Structures are given as C-alpha cells and as structure tokens.
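For reference, the structure is listed below as structure tokens.
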Amino acid sequence: MVTIHHYMVLSAVLFFIGVFGVLFRRNLIVIFMSIELMLNAVNLSFVTFARYTQSMDGHVVAFFVMALAAAEAAIGLAILVMIFRNRSTVQADDLSLMRD
Amino acid sequence: MELVVFYTLAAVAVSGALLMVTRKNPLAGALALVVSMAALAALFAMLHAEFVFLLQVLLYAGAIMVLIIFTIMLLNLSPQELKERPVGKLKGLVIVAATIVGFLGFIRVLFELPEGVPFVSPTFGNIEEVGALMLTSYLFPFEVISVLLLVAIVGVVILAKKVI
C-alpha cells in the first residue's frame with residue numbers, strides 16, 4: 001500500500017535536489033533546469049494531496065503551475081540567449097554588474 | 001506490487017534529478033531531466049491524475065524540454081565555458097545546514113498527515129471532470145493564465161529582437 005507519506009518524501013527529495021542545483025551550480029542552464037525540477041516536485045505534492053483528499057482542485061492547480069512553467073521557460077531562455085549574445089557567458093557569477 | 005512499481009519509479013525520478021544536477025554538460029543534464037519527468041508522469045498516472053499525466057508528457061517532457069535542449073544546442077558552448085567553478089567551503093556548509101534544517105521541519109509535518117488510502121471513483125481526475133472544474137470554479141484564474149501567456153509571448157518576441 002502506497003501512502004501519502006511515500007509521495008511526500010519523494011516530492012521533498014526532488015525539491016531539495018533542485019535547491020542544491022540552484023545553490024551549488026553556476027551554469028545558468030543547469031540553474032534553470034533545477035527550477036523546473038522544483039516546480040515538478042511541487043506539482044507532485046499537489047496531485048498527491050488531491051488524491052488523498054479526494055478533491056480534484058489539486059489537478060487544476062497543477063495545470064496552472066505547468067502553464068506558468070511554460071511561460072517562465074520561454075522568457076527565461078530568451079533572457080539566457082540575450083545574455084549569451086551580449087556577454088558570451090552562461091556563468092552566473094560573471095554577471096555581477098548589479099552587485100559591484 | 002504497487003509498492004514495487006512506486007519504488008522503481010521513485011528511483012528513476014531521483015537518479016534522473018541527481019544526474020541533472022551533477023553533470024557538467026547541460027545537454028546530458030537535460031536528457032536526464034526528461035527521464036526524471038517521464039517517471040513523474042507515471043507517478044501521476046498512479047495517483048489517478050489522468051489529465052495531469054497527459055499534460056506532464058505533452059507540456060513538460062515534450063514542449064518545455066525541447067525548448068531547453070534547442071537553446072543548449074543553439075548556444076553551442078565550448079568545454080572551457082562549461083568549466084564549473086566550485087562554491088566556497090563556508091557557503092557550501094551554510095547551504096547544507098540550512099537544507100537539513102528545512103528537511104527536519106518537513107519531517108515534523110509528515111507525522112501529522114493521515115494514514116490510509118481513501119477510495120476514489122473511476123472518473124476521478126479524468127479530462128472531463130477536471131475540465132468541468134477548471135471552467136466553473138476556476139474560470140477566473142484560467143482566464144488570467146491566458147493573459148499571462150499572451151504577455152509572455154509578447155515579452156519573448158521583444159527580448160529576442162536585436163533592434164527594437
């Protein structure tokens with residue numbers, strides 16, 4: 001019997017792998033994919049709660065999250081291409097103009 | 001039996017995610033992420049979420065990952081640009097400690113969740129039911145999402161233009 005705990009632990013593990021990807025990697029593309037992974041992990045917990053509370057609202061929210069992820073992917077990748085065109089780098093720590 | 005399937009899919013999802021985070025080459029990482037998302041799609045199917053399962057395959061593993069892989073190929077990064085600069089020791093330690101604290105907080109919440117698997121009707125989560133819910137109770141957020149997508153399209157066109 002697969003209980004709610006199984007799915008929640010899996011969702012948390014995937015989310016924290018995504019967090020590590022964002023914090024430890026410097027490559028913008030990998031950071032971007034880690035954010036997608038985190039969104040996916042959150043979707044898994046939405047769908048799990050929908051299943052175990054017997055209401056389908058979680059499915060609708062998961063759909064909205066996916067639409068947001070699609071919009072974010074399009075804009076994020078466009079920004080990435082622009083950065084590469086202007087600065088010829090995809091390393092996050094080369095982009096410190098606003099910090100210094 | 002169900003447990004075996006769950007653990008297999010979970011192992012595939014987690015190892016795909018770990019590969020994505022650790023690979024130096026983003027293209028290898030993107031392919032690992034596709035595998036991870038396919039395993040998640042199968043998990044959605046196990047949770048009676050037919051609609052979300054279809055969207056996961058079409059939208060995530062299909063559209064979004066294709067977009068990412070196209071971008072990686074378009075940038076055509078040299079091995080020297082892919083060289084990873086490691087994070088400082090102190091910063092790494094702080095990150096790991098903060099993550100452990102966050103995970104412990106999560107474990108505490110886990111004990112308050114209910115046991116057992118409730119029964120759901122066979123039509124639970126299919127396209128008709130979710131669609132009806134989406135276009136009645138969630139009609140306003142649904143329309144807002146379409147405005148957001150329009151703004152995203154216009155924004156991308158403006159960003160991608162060389163001269164505005």
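Order of the sequence lines fixes the chain letters, A, B, ..., with proteins taken first and strands second; residue numbering starts at 1 for each chain. Since the model is a prediction, treat every value here as computed from it, not as a measurement.
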_Proximal component of A/Gln54, with respect to chain B [non-hydrogen, under 4.5 Å]_ = both
*Against chain B, work out which of A/Arg85, A/Glu36, A/Arg51 has the most heavy-atom pairs shorter than 4.5 Å and name it.*
A/Arg51
*asked:* Looking at chain A, which one of B/Ser121, B/Gly131, B/Ala30, B/Ala13 has the largest number of heavy-atom pairs inside 4.5 Å, strictly under?
replied: B/Ala30
*Identify which of A/Val30, A/Ile17, A/Asn40 forms the greatest number of heavy-atom pairs closer than 4.5 Å to chain B.*
A/Asn40
*With respect to chain B, which residue among A/Ile31, A/Asp93, A/Leu80 yields the maximal number of heavy-atom pairs within a distance under 4.5 Å?*
A/Asp93
*With sequence neighbours excluded, tell me which residues meet side chain to side chain contact (heavy atoms under 4.5 Å, CB included) with A/Met38.*
A/Phe15, A/Val19, A/Val22
*Which one of B/Thr99, B/Val144, B/Val14, B/Leu59 has the most heavy-atom pairs closer than 4.5 Å to chain A?*
B/Thr99
*Under a 4.5 Å heavy-atom cut-off, does chain B meet the side chain of A/Ala70, its backbone, both or neither?*
both
*Quick one: do B/Leu55 and B/Val35 end up in the same hydrophobic cluster if we chain Ile, Leu, Val, Met, Phe, Trp and Tyr together by side-chain heavy atoms under 4.5 Å apart?*
no
*Checking heavy atoms, do the side chain of A/Leu44, its backbone, both or neither come under 4.5 Å from chain B?*
both
*With the 4.5 Å side-chain cut-off for hydrophobic clustering, are A/Val9 and B/Leu3 part of the same group?*
yes
*Flag the pair A/Thr48 / A/Ser11 as yes when at least one side-chain heavy-atom distance between them is below 4.5 Å, and no otherwise.*
no
*Counting only heavy atoms closer than 4.5 Å, note whether B/Ile64 contacts chain A via side chain, backbone, both or neither.*
side chain
_With a 4.5 Å cut-off on side-chain heavy atoms, are B/Leu43 and B/Met46 touching?_
yes
_Greatest number of heavy atom pairs closer than 4.5 Å to chain B - which of A/Leu68, A/Thr53, A/Thr89_ = A/Leu68
*Where does A/Val2 contact chain B at under 4.5 Å (heavy atoms): side chain, backbone, both or neither?*
both
*Closest approach of B/Met134 and A/Val60, non-hydrogen atoms and distance?*
CG-CG1, 4.0 Å
*asked:* Counting heavy-atom pairs closer than 4.5 Å to chain B, which one of A/Met1, A/His5, A/Arg25, A/Arg26 comes out on top?
replied: A/Arg25
_Which label fits A/Tyr52 and A/Tyr7: parallel for a plane angle under 30°, tilted from 30 to 60°, or perpendicular past 60°?_
tilted
*Does the gap between the ring centers of B/Phe142 and B/Tyr138 come in under 6.0 Å?*
no
*Toward chain B, the part of A/Phe24 with a non-hydrogen atom under 4.5 Å*: both
*asked:* Is A/Phe64 in contact with chain B via its backbone, its side chain, both, or neither, using a 4.5 Å heavy-atom distance?
replied: both
*asked:* Please rank A/Ala41, A/Ala74, A/Gly18, A/Gly76 by heavy-atom pairs under 4.5 Å with chain B and give me the top one.
replied: A/Ala74
*asked:* Only pairs of heavy atoms separated by less than 4.5 Å count here; which of B/Val156, B/Val21, B/Leu47 has the most with chain A?
replied: B/Leu47
_Parallel, tilted or perpendicular, judged at 30° and 60°: which one describes the rings of A/Phe63 and B/Phe51?_
tilted
*Counting a contact as any heavy-atom pair under 4.5 Å apart, which residues of residues 101-110 of chain B contact chain A?*
B/Gly102, B/Phe103, B/Phe106, B/Leu110
*Can B/Val12 be reached from B/Leu33 by stepping across I, L, V, M, F, W or Y side chains whose heavy atoms are under 4.5 Å apart?*
no
*asked:* Contact between A/Asn43 and B/Tyr60 at the side-chain level, heavy atoms closer than 4.5 Å - yes or no?
replied: yes
_Any donor-acceptor pair under 3.5 Å from B/Gln56 side chain to B/Phe44 backbone_ = no
_A/Met33 versus chain B, the contacting section by heavy-atom distance below 4.5 Å_ = both
*With only heavy atoms counted, which part of B/Ala160 is less than 4.5 Å from chain A, the side chain, the backbone, both or neither?*
backbone
*Sub-3.5 Å donor-acceptor pair from the side chain of B/Ser36 to the main-chain atoms of B/Gly16, do we have one?*
no
*Of the listed residues (B/Ile72, B/Leu74, B/Ile145, B/Thr22), which shares the most heavy-atom pairs with chain A below a 4.5 Å separation?*
B/Ile145
*Enter the distance from A/Ile29:CD1 to B/Leu77:CG here, rounded to the nearest 0.5 Å.*
5.0 Å
_Min side-chain heavy-atom separation A/Ile83-A/Ile79 under 4.5 Å_ = yes
*chain A interface, residue from B/Met1, B/Met65, B/Glu2 that has the most non-hydrogen pairs under 4.5 Å*: B/Glu2
_Beyond-backbone contact of A/Met66 with B/Val52, side-chain heavy atoms, under 4.5 angstrom_ = yes
*Under 4.5 Å between any side-chain heavy atoms of B/Val96 and A/Phe20, yes or no?*
yes
*asked:* Quick check on the interface: out of B/Leu148, B/Leu149, B/Leu40, who has the most heavy-atom pairs with chain A under 4.5 Å?
replied: B/Leu40
*asked:* With a 4.5 angstrom heavy-atom cut-off, is it the side chain or the backbone of A/Ile75 that approaches chain B, or both, or neither?
replied: both
